[in-house]
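Below is one structure, written out as structure tokens; comments come after it.
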Amino acid sequence: MKILLLHSDYMEYEVKKKTRFAEPFEGKGERVEEVLVVFVSVEKGDTEETASRAVDEIRDVAEKVKSDRIVLYPYAHLSSELADAETAVNLLKFMEKELSNEFDVHRSPFGWYKAFKISCKGHPLSELSREIKGEDIELTQALKDEERAVSYWYILTPEKELVEVDRFDFSRYDNLRKFVDYEISKRRAADRTPPHVELMKRLEIADYEEASDSGHMRYYPNGRLIKSLLEMFVTEKCIEYGAMEVETPIMYDRGHPTLRKYLERFPARQYIIKGDKRDFFLRFAACFGQFLMNAQATMTYKHLPLRMYELTRYSFRKEQRGELVGLRRLRAFTMPDMHTVVRDMEEAKQEFYNQYRLSVDVLREIGLEPEDYEVAIRITKDFYKENRDFIHSIAEILKKPILIEMWDRRFFYFVLKFEFNFVDALDKASALSTVQIDVENAERYGIRYVDSDGKERYPYILHCSASGAIERVIYALLEKAFLSSKNGMLPMLPVWLSPTQVRIIPIAERHLEKAIEIANELNRNRIRADVDDRDETTAKKVRDASTSWIPYIAVIGDREMEENLLSVTVRKESTIKNQKKIKMSLKELIDVIKKETEGKPYKPLPMHFMLSRRPSMR
RNA sequence: GCCACGGUAGCUCAGCAGGUAGAGCGCGUGCUUGGUAAGCACGAGGUCGCGGGUUCAAAUCCCGCCCGUGGCUCCA
């Protein structure tokens, strides 16, 4: 926004003719004496926040020149980057309203050709221009609100008692203590790179891509397989839960009146794409696309709850440079995003409860148990008071204490949310699953349903990410594996996610043919098996398979050929000192793995099944 | 984004009072046909992150930038 301030003896204007942007106006014009005239150009990207900063400037100048009368005069010629007319009028009206508390404000109509006369006083303060940058401001209104909101911290015990956080006995809850420390005192102890960063590289899962922006990763064949399987799994679970899968654009008009409000909270966090005529921002979640779709749908109470799902590949958030780490925090990430339109708060609570259970279930099947994460519930005080029993009933689901953050008032779109927070090897917490009850966006987007009495009503909307970002799930699995290795176990991924599930190791060349035959049979049974046909010693091949976290290592030599059995090393039952080796038939091995991966998605080996034909990816 | 530290072979790192680069692993070739966490030998492989400056001479000193990690901040 650009403004030009002229302290004047008088200002006089006369309305001549409409432009195509003209706002309705009846009068002819007016003359105002002893006035501060403010010429205003509203620019692209300006928001109410920009406008209120302009108001502060104007107020400041008006007080200095001791003028209690102001003319707000829309004037396009101060800028070459003008906002659309609707925004401009809205912001001018907003400024008029803000200023009229203290001043006699005259707003000249927008979008008309006007003649004016002005007599500028000419003292040193009488002519000032100001540029108020919309994009660069750090603090938007919502952020200011957040600063003013006070948080109260409690622990909700499994016995449904609400205890102030200082009075809770954490002695049996080490992980929860770490999480609470992280949340409240913001204690940071880490002095090294998180373990998953080294692991994601060494296991050829993912790596930094210097040719892209920070926080955009490359995924090697192994990583793509793991990511793909997780994506398939979460998607299946959400569809099974009753969601309609959709796909929506990844970029949206920056000036779109509905989207802008949502954007205001994070002005510096968007990727901006220059279009031919309009500028676009890259989505940071699937909300927009789904809400716009919902707004157009004809819905009645009979259709509710209505669930819509999308896997965002990608969501973009231009996080601050120093916040990015490995797979924990990215600028481009994949997130399952489900929105549920519900009739009323009763239905919202019911869904919230069910989606909480869905999230527990999804994480558990992925390989993250309730003891691997800590629960946080964030809630407004009012909502808590009105729904005490409901909130307490949530504590029953996992029977573990929950951190409650209570706000004295609502400053964002939701009244209630939960998160499951993974606490990693460096005691840092990151949110995985989350569900929120949104009481604001239905109205903003014009999402309505027809109720049983024939009247249109605004529904509530739940936001649900059943697993959290897929990349973050991989991070959690790697950190968990690292933590388990500190407890003397061998680190590994769940079998259904392991890129190679069975490694066949022929002892000498004469066993190779049989090894290939076995691998083929396994692969026909949808088990990812490969063959280490390299010219290496058996010990070396076993070591390589072990350091690649392969769950089943099957050695085949003369003895196995003779007995028609495999000599299988089972990783999850082994330690580095004590390898668990079992003789079993091929059929038994197939049965064991099939049982272990039952109900999970499958994809074939991500690379050639002969190790000698496989490149090292880094 | 701010502060600190780091970037040298494909990988992990050594070298740095300024004098044109080293190890281990990996890779290639040969020997070896092996029995459960690293066989042996030989060989190839380097714009020392990028750009500028100081100097007879810069991987090494100075400045700027890029990337990474930690802290601050932040996480819709």
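What you see below is based on every heavy atom in this structure, not just the backbone, and it leaves out hydrogens, waters and symmetry mates.
- Closest contact between the side chain of A/Tyr182 and the listed nucleotides B/C75, B/A37, B/C67 involves B/C75.
- Dashed line: the shortest gap from a side-chain N or O of A/Ser567 to OP1 or OP2 of B/U36 is not under 4.0 Å.
- Comparing the P positions of B/U12 and B/A17 gives a spacing of 25 Å, expressed to the nearest Å.
- A donor-acceptor contact closer than 3.5 angstrom is absent between the side chains of A/Asn175 and A/Tyr373.
- One C1' atom belongs to B/A14, the other to B/A21, and the distance between them is 11 Å to the nearest Å.
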Dot-bracket for RNA chain B, 5' to 3', counting Watson-Crick or G-U wobble pairs under 3.5 Å, with [ ] for crossing pairs and | for inter-strand pairs?
(((((((..((((.....[..)))).(((((.......))))).....(((((..]....))))))))))))....

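- B/C63 and B/C3 have their P atoms separated by 13 Å, with the value rounded to a whole Å.
- Counting atom types as modelled, A/Arg321 pairs no side-chain N or O with a base atom of B/C2 as donor and acceptor under 3.5 Å.
- Look at the P atom in both B/G26 and B/U60: the space between them is 31 Å, to the nearest Å.
- The main-chain N or O of A/Leu368 is never found under 3.5 Å from a side-chain atom of A/Asp372 such that the two would form a donor-acceptor pair.
- Within 4.0 Å (heavy atoms only), A/Thr537 reaches at least one base atom of the nucleic acid.
- On the P atoms, B/G68 is 16 Å away from B/C11, given to the nearest whole Å.
- Rounded to an integer number of Å, the gap from A/Leu324 CG to B/G71 P is 13 Å.
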Atom pairs under 3.5 Å: protein N/O with N/O of nucleotides 42-44 of chain B:
none

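- Side-chain proximity of A/Arg317 to B/A37, B/C75, B/G35: nearest is B/C75.
- Residue A/Lys318 contributes atom NZ, which lies 16 Å from atom P of B/C75 at whole-angstrom precision.
- Between the side chains of A/Tyr475 and A/Asp424, at least one donor-acceptor pair of N or O atoms lies under 3.5 Å.
- In this structure, A/Glu440 reaches neither bases nor backbone, as no heavy-atom distance under 4.0 Å exists between it and the strands shown.
- One atom, CG of A/Leu512, and another, P of B/G34, lie 15 Å apart when rounded to the nearest Å.
- For A/Arg444, the side chain to side chain donor-acceptor pair (under 3.5 Å) partners are A/Glu440, A/Asn441, not counting sequence neighbours.
- In this structure, the side chain of A/His339 does not engage the main chain of A/Phe291 through any donor-acceptor pair within 3.5 Å.
- Remark on RNA chain B: of its neighbouring residues A/Asp558 and A/Tyr208, the 5'-side contact belongs to A/Asp558, judged by nearest-heavy-atom nucleotide.
- The separation of B/A59 from B/U20, taken at their C1' atoms, amounts to 10 Å, rounded to a whole angstrom.
- Under a 3.5 Å cut-off, the side chain of A/Arg571 and the backbone N or O of A/Pro491 do form a donor-acceptor pair.
- Side-chain atoms of A/Thr248 and A/Gln290 include no donor-acceptor pair closer than 3.5 Å.
- Rounded to the nearest Å, the gap between the P atom of B/C56 and that of B/G18 is 15 Å.
- Here the side chain of A/Asp279 pairs no donor or acceptor atom with the backbone of A/Ile272 at under 3.5 angstrom.
- The base of B/G34 lies close enough to the side chain of A/Asp535 for a donor and an acceptor atom to sit less than 3.5 Å apart.
- The base of B/C11 has none of its N or O atoms less than 3.5 Å from a complementary donor or acceptor on the side chain of A/Arg618.
- Note on A/Arg202: nothing from the nucleic acid sits closer than 4.0 angstrom, heavy atoms only.
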Does the pair A/Glu405 and A/Ser151 meet the rule for a side-chain hydrogen bond (donor to acceptor under 3.5 Å, both in side chains), with working shown?
CA-CA 6 Å; A/Glu405 180 176 13; A/Ser151 290; 2.6 Å; yes

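- Nucleotides of RNA chain B nearest to A/Tyr413 and A/Leu490 differ in position, and the one nearer the 5' end is that of A/Leu490.
- Distance alone, capped at 3.5 Å, is enough to place a donor-acceptor pair between the A/Glu479 side chain and the A/His196 backbone.
- Not a single donor-acceptor contact under 3.5 angstrom links the side-chain atoms of A/Glu323 to the base of B/G71.
- Scanning all heavy atoms of the two residues, the minimum distance from A/Ser430 to A/Arg328 falls at OG-CD, 3.0 Å.
- When ring centroids are compared, A/Phe422 and A/Phe420 stay outside the 6.0 Å threshold.
- Here A/Thr193 lies in heavy-atom contact (under 4.0 Å) with sugar-phosphate atoms only.
- The distance from atom CD of A/Glu209 to atom P of B/G68 is 11 Å, rounded to the nearest whole Å.
- Ring pair A/His256/A/Phe281: centre-to-centre distance not below 6.0 Å.
- Residues from residues 577-589 of chain A lying near RNA chain B, meaning a heavy-atom separation below 4.0 Å, are A/Gln579, A/Lys581 in numerical order.
- Distance from the side chain of A/Arg543 is smallest to B/A37 among B/U36, B/A37, B/C75.
- Distances shown here put every side-chain N or O of A/Lys540 at or beyond 4.0 Å from the OP1 or OP2 atom of B/U32.
- Counting non-hydrogen atoms under 4.0 angstrom, A/Ala539 reaches the backbone sugars and phosphates but no base.
- No salt bridge links A/Glu536 with A/Lys541; every basic N to acidic carboxylate O contact stays at or beyond 4.0 Å.
- With C1' as the reference atom, B/C67 and B/G19 are 31 Å apart, rounded to whole Å.
- Atom pair A/Asp532:CG and B/U36:P shows a separation of 15 Å (rounding to whole Å applied).
- Across all strands, A/Ile553 comes closer than 4.0 Å to no nucleic acid atom at all (heavy-atom distances).
- Near RNA chain B, meaning a heavy atom under 4.0 Å away, there are no residues from residues 462-480 of chain A.
- Residue A/Ser616 is out of contact with every strand shown, counting any heavy-atom pair closer than 4.0 Å.
- The distance between atom CZ of A/Arg559 and atom P of B/G34, rounded to the nearest whole Å, is 12 Å.
- Between the P atom of B/G34 and the CD atom of A/Glu536 lies a distance of 15 Å, rounded to the nearest Å.
- Residues satisfying the side chain to side chain donor-acceptor pair (under 3.5 Å) criterion with A/Glu351, sequence neighbours excluded, are A/Tyr241, A/Arg307, A/Gln355.
- For A/Gln320, whose side chain is taken as the heavy atoms from C-beta onward, the closest listed nucleotide among B/U36, B/A37, B/U73 is B/U73.
- In this model, no donor atom of one side chain and acceptor atom of the other lie less than 3.5 Å apart for A/Trp549 and A/Ser498.
- Checking B/U32, B/C75, B/U69 against every side-chain atom of A/Pro194, the shortest atom distance belongs to B/U69.
- Residues A/Tyr413 and A/His463 place their aromatic rings such that the two centres sit under 6.0 Å apart.
- In this structure, the side chain of A/Arg283 engages the main chain of A/Tyr314 through a donor-acceptor pair within 3.5 Å.
- Not one side-chain nitrogen or oxygen of A/Thr538 sits closer than 4.0 Å to the OP1 or OP2 atom of B/G34.
- Regarding A/Asp207, its CG atom lies at a distance of 11 Å from the P atom of B/G68, rounded to whole Å.
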